[in-house]
Amino acid sequence: MKKLATITTIAAFAMAPAAFAGSGPAFADIDTDADGFLSVAEIQAVAPAVTEEEVAAYDADADSMLSEVEFEAWKMDQKKDSDTETDSDY
């Protein structure tokens with residue numbers, strides 16, 4: 001079952017960073033070491049196209065990791081960008 005969850009998580013982020021725009025996997029599912037932060041490696045494990053620079057842009061405290069609050073801010077911005085692109089298509 002855990003293998004299926006991992007595959008589902010990876011599939012959900014196949015279109016990263018746009019995948020972060022939707023509901024996507026939960027923070028806890030990406031935080032594989034359960035330290036309460038997302039490292040670049042953890043993010044790239046589910047979204048290989050995400051760059052260190054992109055993560056750094058949302059890393060408010062510059063600790064090279066995203067807290068849950070920082071990650072949610074990133075997801076909200078991705079959703080806004082995705083909504084804007086969708087709106088302009090019509």
Side-chain angles (χ1 to χ4, degrees):
M1 186 70 174
K2 185 169 182 142
K3 185 176 183 179
L4 177 60
T6 301
I7 291 169
T8 302
T9 299
I10 291 169
F13 278 90
M15 301 301 289
F20 289 110
S23 59
F27 180 90
D29 293 335
I30 302 169
D31 183 18
T32 56
D33 64 4
D35 66 351
F37 298 94
L38 300 181
S39 67
V40 173
E42 287 172 318
I43 294 168
Q44 289 176 335
V46 295
V50 174
T51 65
E52 289 183 31
E53 291 78 17
E54 190 173 5
V55 172
Y58 288 88
D59 183 14
D61 58 2
D63 63 354
S64 300
M65 298 182 288
L66 296 184
S67 66
E68 190 163 1
V69 170
E70 292 165 338
F71 179 70
E72 291 302 321
W74 184 17
K75 282 177 54 175
M76 286 179 57
D77 281 354
Q78 295 299 318
K79 180 170 178 19
K80 287 178 195 172
D81 290 346
S82 176
D83 290 347
T84 301
E85 289 173 12
T86 302
D87 291 345
S88 66
D89 290 341
Y90 297 106

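Applying the salt bridge (Lys or Arg N to Asp or Glu O under 4.0 Å) test to D63 and every residue at least two apart in sequence or in another chain returns nothing. For the side chain to side chain contact (heavy atoms under 4.5 Å, CB included) test, residues two or more places apart in sequence or in another chain that qualify with Q44 are V40. Annotation: side-chain hydrogen bond (donor to acceptor under 3.5 Å, both in side chains) contacts of T51 (sequence neighbours excluded): none.
Within the 4.5 Å cutoff, side-chain heavy atoms of K75 are placed close to those of E72. Within the 4.5 Å cutoff, the side chain of D31 has heavy atoms near those of the D33 side chain. For the pair W74 and L38, the minimum side-chain heavy-atom distance is 4.5 Å or more.
Checked by atom type and distance alone, the side chain of E54 never pairs as donor or acceptor with a backbone atom of A49 at under 3.5 Å.
Contact between D61 and D59 at its shortest, heavy atoms only, is OD1-OD1, 2.8 Å.
In this structure, M65 belongs to a hydrophobic cluster whose other members, linked by side-chain heavy atoms under 4.5 Å apart, are F37.
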